[in-house]
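The analysis underlying the following values was restricted to heavy atoms, covering all of them including side chains, and did not include hydrogens, waters or symmetry mates. Letters go in sequence order (proteins before strands), and every chain restarts at 1.
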Amino acid sequence: MSRFFLAQTPIDTATLRADLLDDRVGGYASFEGWVRNHNDGRDVLGLRYEAYVALAEAEGAKVLDEACGKFDILDARCVHRIGDLVIGEMAVWVGVSAAHRDAAFAACRYIIDEVKARVPIWKHERYAEGDANWLHPDSKP
Amino acid sequence: MSRFFLAQTPIDTATLRADLLDDRVGGYASFEGWVRNHNDGRDVLGLRYEAYVALAEAEGAKVLDEACGKFDILDARCVHRIGDLVIGEMAVWVGVSAAHRDAAFAACRYIIDEVKARVPIWKHERYAEGDANWLHPDSKP
Amino acid sequence: MAQVTVLYFASLRDAAGTASETVECDGDLRALYSMLRERHGFALPVERLRVAVDGAFARWNDEVRAGSEIAFIPPVSGG
Amino acid sequence: MAQVTVLYFASLRDAAGTASETVECDGDLRALYSMLRERHGFALPVERLRVAVDGAFARWNDEVRAGSEIAFIPPVSGG
């Protein structure tokens, strides 16, 4: 079963989290990326995420499997939204369970960084001025 | 208003999280500590947290205020349970909202580390063998 | 000449005016992108893209295989 | 002689058999702990404790003030 998912509908973090918890878990780290009302000094009205679905699912699953191999964690999941999102909606969620917090934090950070850097998903922002733009950053922050 | 709380009843993370989110938030990092069924190689049946309440609330609030000053975050909260907990219950929760994920992760880590190191809360573990023990670690892991 | 399907995403799709097209070409994937960049006026140089063949990342100097599905991957911006 | 209230937590409370007691003493907080450690047989040496007066962390060489509430803080284990 894959640990990475693309979702066309809002992400239910409570259910995702519940899937990661069991009696061995001592630390659970999670990260959520939300649609901000501004980016690079411009007012953002909303955005759209587009993915190359087949490759995004394969590359996302690879990132999650790497995290499970590199860090002493029990399990991990990541979900990324695609389609239209409004300000304040959740764009991406990462959850990691581990016996100890060091590994949970490290794996959570690894997953969000690698997903942002490698998984073929693109953000299209609509601005208050009426224009819109595909984001193709030179390098990932 | 304080950003740190002691709780005698289970922690409702959904409501706590909702308090941290607004249109400026781009990244939300959280950490949860759960009661594991083992510690240092021993089977744990359950535990009790005891606090020096007045000092724990003051020192916890100080840690959270430090985090808000040191890192470029929007807000943060931490709740620590006291009283009797069973395996699989949440013992501590940290939530941090920020415009960007670097600060959210760094502040979240700072808060849990400092709370564990400085806030006067003690863990009393009950073991499968029938004995029990106060944990007074030599140094924090 | 090999006939292949090319997929476009994000700004490349906007510039091409289509999400996919069938093209005929010779040579490697780099040559294919050069040809299509000229045809559609893509702003992004090959150095800023990755390329995938049949759903897996590939190398620019791989030969184009007839019947394959080729995707040019602009810099990603998920998260 | 200053009369103060002492609070015990965790293993110190178990060893003392009480959560608080009123004691009379002279000198600094370190001397107070030494006296009480001898009385109750506390296992923890002063080096492993912190001390608080009236709800705020204090220094071991602070003089004991009459009427204050003193807490000895064993190594903490929250989280």
Side-chain angles (χ1 to χ4, degrees), chain A residues 4-7 31-36 39-40 44 47-63 78-83 85 90-94 108-109 111-125 131-141, chain C residues 4-23 28-30 32-34 36-79:
Chain A
F4 176 87
F5 307 89
L6 296 172
F31 177 79
E32 300 173 10
W34 293 71
V35 179
R36 280 179 300 152
N39 192 24
D40 274 334
V44 176
L47 56 76
R48 182 156 53 92
Y49 282 108
E50 173 180 294
Y52 177 12
V53 172
L55 186 56
E57 289 179 340
E59 190 72 2
K62 202 171 153 196
V63 167
C78 177
V79 182
H80 201 297
R81 279 291 303 280
I82 52 178
L85 279 78
M90 195 188 311
V92 60
W93 171 89
V94 180
C108 190
R109 185 64 200 259
I111 290 165
I112 187 63
D113 286 354
E114 294 295 308
V115 164
K116 286 173 75 90
R118 291 161 48 184
V119 174
I121 299 173
W122 299 273
K123 187 192 297 192
H124 187 254
E125 287 184 339
D131 56 332
N133 192 32
W134 285 105
L135 275 70
H136 293 313
D138 268 329
S139 58
K140 308 299 293 185
Chain C
V4 299
T5 303
V6 177
L7 307 181
Y8 298 117
F9 297 97
S11 66
L12 295 186
R13 190 190 53 238
D14 286 358
T18 181
S20 73
E21 64 180 339
T22 302
V23 300
D28 65 8
L29 294 166
R30 185 185 309 270
L32 174 61
Y33 182 71
S34 293
L36 295 168
R37 187 185 182 193
E38 192 158 338
R39 181 186 300 176
H40 296 299
F42 295 146
L44 290 164
V46 69
E47 294 75 25
R48 298 200 50 215
L49 303 181
R50 299 182 72 183
V51 61
V53 176
D54 294 334
F57 286 113
R59 288 178 301 269
W60 286 108
N61 58 1
D62 290 346
E63 287 297 301
V64 172
R65 282 179 287 103
S68 60
E69 183 181 77
I70 295 163
F72 299 115
I73 314 287
V76 303
S77 49

Novice: For A:W122, is it the side chain, the backbone, both, or neither that has a heavy atom closer than 4.5 Å to a heavy atom of chain C?
Specialist: both

Novice: Go through the atoms of A:A56 and report whether side chain, backbone, both or neither lie under 4.5 Å from a heavy atom of chain C.
Specialist: neither

Novice: Does any part of the side chain of C:F9, heavy atoms only, come nearer than 4.5 Å to the side chain of A:P120, both counted from C-beta?
Specialist: no

Novice: About how many Å separate CG of A:L55 and CG of C:L7, when rounded to the nearest 0.5 Å?
Specialist: 10.5 Å

Novice: Could you verify whether a donor N or O on one side chain and an acceptor N or O on the other, from C:S11 and A:H136, lie under 3.5 Å apart?
Specialist: yes

Novice: Measure A:R48 against the heavy atoms of chain C and call it side chain, backbone, both or neither at under 4.5 Å.
Specialist: side chain

Novice: Identify the two heavy atoms, one from A:P137 and one from C:S77, that lie closest to each other, and give their separation to 0.1 Å.
Specialist: CD-CB, 3.8 Å

Novice: Identify the two heavy atoms, one from C:G79 and one from A:Y49, that lie closest to each other, and give their separation to 0.1 Å.
Specialist: O-OH, 2.6 Å

Novice: If you define the side chain from C-beta out and look only at heavy atoms, does anything of C:L12 sit under 4.5 Å from A:W134?
Specialist: no

Novice: Nearest 0.5 Å please: distance from the CD1 atom of A:I121 over to the CD1 atom of C:I73.
Specialist: 11.5 Å

Novice: Backbone N or O of C:A10 within a donor-acceptor pair of the A:H124 side chain at under 3.5 Å?
Specialist: no

Novice: When you look at CG of A:D40, are more than 12 heavy atoms from neighbouring residues, nucleotides or ligands closer to it than 6.0 Å?
Specialist: no

Novice: Could you check if a side-chain atom of A:L135 sits within less than 4.5 angstrom of a side-chain atom of C:V76, using non-hydrogen atoms only?
Specialist: no

Novice: Quick one: what part of A:E59 sits under 4.5 Å from any heavy atom of chain C, side chain, backbone, both or neither?
Specialist: side chain

Novice: Given a strict heavy-atom distance threshold of 4.5 Å, which part of C:A52 is in contact with chain A: side chain, backbone, both, or neither?
Specialist: side chain

